[in-house]
2 protein chains.
Amino acid sequence: MSRAEPSRRGSRHGRAGIRDVAAAAGVSITTVSDALNGKGRLPDATRRHVREVADRLGYRPSAAARTLRTGKSGLIGLTVTTYGDEPFTFTEFAYFAEMARAATSAALARGYALVILPATSRHDVWSNVALDGTVVIDPSDHDPVVSDLVRQGIPVVSDGRPAGTLPVTAWVDNDHEAAVLGILDHLAAAGARRIGLLTGTSTDTYTRLSTHAYLHWCERIGQDPVYEKYPAHDPCAGAVAADRLLARPDRPDAVYGLFDPNGTDLLAAARRYGLRVPEDLLLVCCSESTVYATTEPPITTLSLKPRRIGTAVVQLLIDAIEGLDTGRPVEQVIPTELIVRTSSQRRPPRTTVSAPRGPAV
Amino acid sequence: MSRAEPSRRGSRHGRAGIRDVAAAAGVSITTVSDALNGKGRLPDATRRHVREVADRLGYRPSAAARTLRTGKSGLIGLTVTTYGDEPFTFTEFAYFAEMARAATSAALARGYALVILPATSRHDVWSNVALDGTVVIDPSDHDPVVSDLVRQGIPVVSDGRPAGTLPVTAWVDNDHEAAVLGILDHLAAAGARRIGLLTGTSTDTYTRLSTHAYLHWCERIGQDPVYEKYPAHDPCAGAVAADRLLARPDRPDAVYGLFDPNGTDLLAAARRYGLRVPEDLLLVCCSESTVYATTEPPITTLSLKPRRIGTAVVQLLIDAIEGLDTGRPVEQVIPTELIVRTSSQRRPPRTTVSAPRGPAV
DNA sequence: TCCTCTTGCAGAAACGTCTCTGTCAACAGT
DNA sequence: ACTGTTGACAGAGACGTTTCTGCAAGAGGA
């Protein structure tokens with residue numbers, strides 16, 4: 001058989017390849033590639049001509065071939081750690097959505113595309129997509145996905161400081177301890193005498209640091225800790241825990257809930273016990289959701305500033321991918337923001353106040 | 001230069017390739033490929049040996065190379081149509097999350113991975129990832145992404161029946177008209193005399209069909225339509241529209257809201273006007289969110305059964321990818337479910353009742 | 001006129017995998 | 001002993017790009 005088989009004329013199975021474009025434009029493959037990618041030394045006339053022919057043929061370069069040749073896919077993954085066996089469960093819809101939006105924009109601005117991948121059984125999914133790097137949200141203690149990626153030499157940046165010795169390339173996080181202390185001070189200033197906490201049973205860093213800060217504050221102030229733990233991934237468990245907390249003999253007169261739905265959970269529980277908010281019970285929870293602006297009463301929330309986190313994470317990751325990691329620090333702390341509403345104030349002025357800020361930008 | 005350069009010994013830049021595995025195992029590349037993919041005629045001993053060596057070397061086949069060779073990437077895309085210039089905006093967090101979860105599971109079960117892609121400027125993102133097929137949620141009238149994909153011969157299945165002549169491969173949807181009629185009947189049976197509607201300004205099929213069904217019902221019953229439109233992607237606009245609706249001189253005594261946040265919007269507006277729910281105002285909205293189980297009072301919601309839709313969409317898509325499209329119909333209607341709570345009942349029994357079902361499974 | 005640049009383009013070698021087509025042994029059947 | 005047959009493997013293309021190298025032709029300088 002000679003090299004030029006007669007059978008492979010035109011586009012052999014529907015899609016036009018670079019060869020077809022070259023033939024139709026009467027130039028070589030090299031010229032097409034250069035013209036389309038803005039490389040080489042070509043007169044504008046040729047460039048335009050090739051581009052026009054490519055458009056007419058509906059030519060799209062094969063992502064697989066390009067990736068294979070260049071070693072870069074232009075893709076970065078965004079993972080949400082899973083709690084059960086389900087692909088993903090969001091305790092924080094709004095947080096995730098905001099963070100993902102910001103991350104997508106930031107990636108796009110630097111020429112990358114972001115794909116959201118469930119963190120299920122690792123290889124099955126991950127090995128099918130060529131990733132230049134990955135963002136991991138709240139990696140758990142010894143996350144197999146992360147170690148696997150790192151072992152392959154793929155940069156990994158985490159949202160939330162990694163637990164244990166997880167070898168991530170960089171991380172971005174809030175100063176959770178400072179945020180909790182700020183809230184407790186805020187509640188105390190509003191007149192709270194005994195502040196309770198609604199927290200989680202899981203061992204992730206957010207839960208651990210926040211709980212620790214609470215206990216530390218109690219010790220310093222001299223208040224007995226009053227808290228309930230529950231598995232944060234189970235929405236019903238949150239409602240039950242809120243109820244338990246308010247049913248205690250040492251009922252708190254103010255509560256901070258670490259998770260997004262805690263606001264509504266606590267509000268419902270307060271109603272059941274005939275407690276008025278904020279008169280009998282002060283309430284704050286950590287959430288990005290806007291529903292707390294219209295609840296009865298509106299609830300004070302702590303925002304973790306997901307947009308800033310999403311942007312920062314992507315910048316760090318792309319820097320690492322492109323080998324520019326010398327510029328920025330590999331650890332970045334984003335300040336939180338306390339959005340003060342009726343539920344945490346005995347006298348009802350309505351303003352937005354910034355929380356104590358973390359050490360770095 | 002001879003073919004075997006001395007310089008390319010071992011893994012040349014960190015990652016082990018199939019060549020390295022072959023060399024380390026003392027077999028040929030063919031044997032490695034066959035052993036790892038369960039093909040060819042190899043004794044179990046060889047197969048095990050190769051697998052063991054591959055594991056030891058941390059070998060992962062290159063997704064790009066595999067895709068290039070086989071023409072299949074094993075990836076299917078999931079798009080959320082964007083409203084503004086932002087990558088994606090969810091009017092329906094919960095719907096999307098549930099749908100995406102179900103779709104991911106279904107895809108995994110059939111050996112595919114699902115990647116969630118923002119529907120921004122099409123090529124920029126889409127051309128970077130090799131997709132075997134795509135799921136599109138609520139494609140707009142003449143969606144450029146969809147036509148682009150179809151022109152490339154990539155199967156596209158849409159969640160929501162396509163508007164206009166959008167050439168999708170298949171679609172899955174609820175019977176929105178039947179659902180709306182069911183709700184209106186439900187409200188009328190609960191004693192509503194004038195039922196209002198909170199609807200959107202956009203032209204997508206869901207909004208259009210639902211609004212049309214409402215107007216049709218009003219005409220049949222002989223009630224003057226009472227509705228407010230607003231841009232569904234703007235959360236603040238929803239609150240304003242809810243307020244406008246209840247401020248009208250011909251104030252409705254029952255309202256159905258087409259979008260997820262309408263429940264809280266309407267509840268807040270009702271409070272402002274001193275209307276008790278359900279005594280003065282009956283409320284239903286379309287939502288998958290569980291927060292409506294704990295609002296004061298709990299709000300009746302219409303569920304579109306996102307899990308069933310996600311599963312069905314993926315099945316249809318994979319059938320099309322694998323050329324099995326003869327089996328299933330290309331149009332599938334999923335029944336909705338009305339979850340009746342306090343807000344739509346003058347007497348407070350609490351049960352879950354199924355809505356009138358669509359024609360097909 | 002000869003030599004060097006520059007311009008405009010073409011050839012061909014990778015990238016890492018799958019798979020079709022051998023090849024070579026052993027062995028059975030006649 | 002000669003021919004099939006089968007098992008166990010190896011060789012050698014593709015797949016569709018990018019990109020390094022190379023070549024011809026014209027421009028400019030000596």
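Per chain, numbering begins at 1; letters A, B, ... match sequence-line order. Everything numeric in this text was worked out from a predicted model, so none of it was measured.
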Roughly, in whole Å, what's the span from CG in A:Asp34 to P in D:dT17?
-> 14 Å
Candidates C:dT17, C:dA10, D:dT18 - which lies nearest the side chain of A:Arg66 = D:dT18
Carboxylate-amine/guanidinium contact B:Asp34 B:Arg41, below 4.0 Å = no
Between A:Asp319 and A:Arg110, is the closest basic N to carboxylate O distance under 4.0 Å?
-> yes
Taking D:dT17, D:dT19, C:dT17 as options, the one with an atom nearest any side-chain atom of A:Lys39 is D:dT19
Length of the line joining A:Asn37:CG and D:dT19:P, which is rounded to integer Å = 7 Å
Could you tell me the separation between the CZ atom of B:Arg41 and the C1' atom of C:dT23, rounded to a whole number of Å?
-> 12 Å
Could you tell me the separation between the CG atom of B:Asp20 and the P atom of C:dG16, rounded to a whole number of Å?
-> 9 Å
Testing C:dT17, D:dT17, C:dA10 for proximity to the side chain of A:Val27, the answer is C:dA10
Give a yes/no answer on whether the side chain of B:Thr31 brings an N or O atom under 4.0 Å of OP1 or OP2 in D:dA10.
-> yes
Listed nucleotide nearest any side-chain atom of B:Pro43, set C:dC9, D:dC9, D:dG16 = D:dC9
Checking B:Thr311 side chain against B:Arg307 main chain: does a donor-acceptor pair fall under 3.5 Å?
-> yes
d(CZ, A:Arg47; P, C:dG8) in whole Å = 10 Å
Report which part of the nucleic acid B:Ser33 touches: base, sugar-phosphate, or nothing (heavy-atom distance under 4.0 Å, all strands).
-> base
Using atom CD1 of A:Ile18 as one end and atom P of D:dG16 as the other, report the distance to the nearest whole Å.
-> 11 Å
With the side chain defined as heavy atoms from C-beta on, B:Thr46 is closest, among C:dT17, D:dC9, C:dG16, to D:dC9
From CA spacing to verdict: side chain to side chain donor-acceptor pair (under 3.5 Å), B:Ser28, B:Thr31 = CA-CA 5 Å; B:Ser28 77; B:Thr31 304; 3.2 Å; yes
Answer yes or no: does a side-chain N or O of A:Thr30 lie under 4.0 Å from OP1 or OP2 of C:dC9?
-> no
Atom CZ of A:Arg19 to atom P of C:dG11: distance rounded to whole Å?
-> 13 Å
Below 4.0 angstrom, N of the basic side chain to O of the carboxylate: do A:Asp148 and B:Arg60 qualify?
-> yes
Once you round it to whole Å, what is the distance between P of C:dT17 and CZ of B:Arg60?
-> 12 Å
A:Ser62 side-chain N/O to D:dG16 phosphate OP1/OP2 under 4.0 Å | no
